[in-house]
Amino acid sequence: MGDLFSQEVLQETWDIVINDMPLALWETFYVTVLATLFAVIIGLPLGVLLVVGEKDGILPLPKPFMGFLNVLINVLRSVPFLILMILVFPLTRLIVGTIVGTTASIVPLVIAAFPFVARLVESSLREINPNIIEAAQSMGASPFRIITKVMIPESVPSLISNVTIAVTTVLGYTAMSGIIGGGGLGKIAINYGYYRYKYLVMLIAVVILVLLVQLFQSVGTRLAKSTDKRLKSK
Amino acid sequence: MANTLLKIEHLTKSYDGNVILKDFNLSVRKGEVIVIIGPSGCGKSTLLRCINGLEPIQSGVIKLDDEIIDSKSKTITKLRQRVGMVFQSYDLFPHKTVLQNIILAPTLVQKRDKKEAVAEAEQLLDKVGLSDKKDSYPRQLSGGQKQRVAIVRALCMHPEVMLFDEVTAALDPEMVREVLDTMLELARQGSTMLIVTHEMEFAKAVSDRVIFLDNGEIVEEGAPHTFFNHPKTERAQKFLHTFEFEHIK
Ligand SMILES: Nc1ncnc2c1ncn2[C@@H]1O[C@H](COP(=O)(O)OP(=O)(O)OP(=O)(O)O)[C@@H](O)[C@H]1O
Ligand SMILES: [Mg+2]
């Protein structure tokens, strides 16, 4: 291990860090944010349906539909991300035109994350006191109004905490997507660390990933707290 | 009788085959205040929930004016707007201010002008002595204050009937009074109300008619002084007796 920190190695690592890291960091960041955004756009309505569409929900939906939705989510959630990435190649090619590259990696990330987001949204909405939903019903509010004006606004802090969990999970997946063509910090860690034995570069990439997780988490926690009107003091 | 506002005929309500209300009949005149009393589990809350269209019923009809209240119909949201309900547990929206809680349904459901709704909300809050709380969140209020806000929230919809389900049951004794006074004032103004309560003195003072419910049936009903002073049935006598204490010294 002596030569891990030799003058030569340090110089070379420094060059890689300066030349490749900024772009990789940016790629990881935007892929994470975009993939989570799309996952929320798909997952939020599905999570809402999971709750309101139940037999005794505010908008009961046909049983076969609810069954299909549950199975779809469970199946997608149980496929390991690496395998899912390969499975969705045709879809990725259809949407992005190619299966390699940073943008292409967004497709499998969204497919992997939206079912997860749907479950998180579901659990957030289930935390709402059912009495306040009933109060809204008793005032004559329609299911749509109850969803948009009561259920979602009342669970904002919990939704933010849960989306934060989704962001950090997606971040972990982006690192994995480096193995098959995705860009970002994961690619750097694998290319230099695994294929070319430049462990120091890999270490730095990992440290930056950890810092990113910390950043997302603390921003999320702070936002969740500041939107929670039930807490005693700010 | 003239001016019947709410009419319940042959109502049967059961949960999974378990009959809670049996062939229940009741007519409520406009402006009448009815107090419903009875032992725990006799079906008081269930009755109010049926009137608000929150529960599917198995048979019978509930009519407001001439419109049928059916929890499964497409027009139920319209009818619910005409029936105000206040629950034991306040059920204010925790992430909305007092004012936002009150104007939510008037502006979104009834599509009223926001300015006008705010003006009315402020006026009603003033009447119950809470004008300085309009921008507070529910957690910043005492139980009694929350319950008065819940009453204002229901009133702001201009309901034709108000349903109160044990609205003081969760309150500390010193807060019960302020909520009951609010309801007495409503009765004085001629509101039509159905009140479920365990506050017997209040029931005597506020009601035009008392209904004693046991096992989902009306066992006895009458004017408050007759009912409380000379209950006819043994079950009512026994029930009222549970609110009395013997002198032991
Ligand atoms: N959702 C439900 N599912 C099944 N049974 C129910 C349900 N709600 C109420 N019940 C039953 O119906 C009966 C009447 O309940 P209800 O809440 O109307 O009583 P209550 O007179 O309001 O009693 P309390 O004074 O304790 O509030 C009870 O036996 C209760 O167990
Ligand atoms: Mg009850």
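Note on naming: letters A, B, ... go to the chains in the order of the sequence lines (proteins, then strands), and numbering restarts at 1 for each one. This structure is a prediction, so every number in the text was calculated from the model and none was measured.
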**Item:** Residues of residues 75-87 of chain A contacting chain B, heavy-atom criterion under 4.5 Å, by residue number
**Value:** none
**Top contributor to chain A contacts, counting heavy-atom pairs under 4.5 Å, from B/T77, B/L92, B/D91** = B/D91
**Item:** Portion of B/V86 that has a non-hydrogen atom of chain A nearer than 4.5 angstrom
**Value:** neither
**Message:** Using modelled atom types and a 3.5 Å cut-off, is there a donor and acceptor pairing between side-chain atoms of A/N162 and backbone atoms of A/L120?
**Reply:** yes
**Message:** If I measure from the heavy atoms of chain A, does B/K96 come under 4.5 Å with its side chain, its backbone, both, or neither?
**Reply:** both
**Request:** Please confirm whether the backbone N or O of B/I69 pairs with a side-chain atom of B/S73, one donor and one acceptor, at under 3.5 Å?
**Result:** no
**Request:** Would you check if the side chain of B/R80 reaches a backbone N or O of A/A141 as a donor-acceptor pair within less than 3.5 Å?
**Result:** no
**Asked** Would you call B/E67 and B/K78 a salt bridge, taking side-chain N to carboxylate O under 4.0 Å as the test?
**Response** no
**Message:** What part of B/R82 gets within 4.5 angstrom of chain A, counting heavy atoms only: side chain, backbone, both, or neither?
**Reply:** neither
**Prompt:** Looking at B/R153, B/H95, B/K146, which one forms a side-chain hydrogen bond (donor to acceptor under 3.5 Å, both in side chains) with B/N101?
**Reply:** B/R153
**Request:** Would you sort out whether B/Q110 and B/H158 count as a side-chain hydrogen bond (donor to acceptor under 3.5 Å, both in side chains), showing the intermediate values?
**Result:** CA-CA 10 Å; B/Q110 295 183 320; B/H158 307 153; 5.4 Å; no
**Asked** Hey, is the main chain of B/F87 close enough, under 3.5 Å, to the side chain of B/Q147 for a donor-acceptor pair?
**Response** yes
**Complete:** Between the CG atom in B/D70 and the NZ atom in B/K63, the distance rounded to the nearest 0.5 Å is 13.5 Å
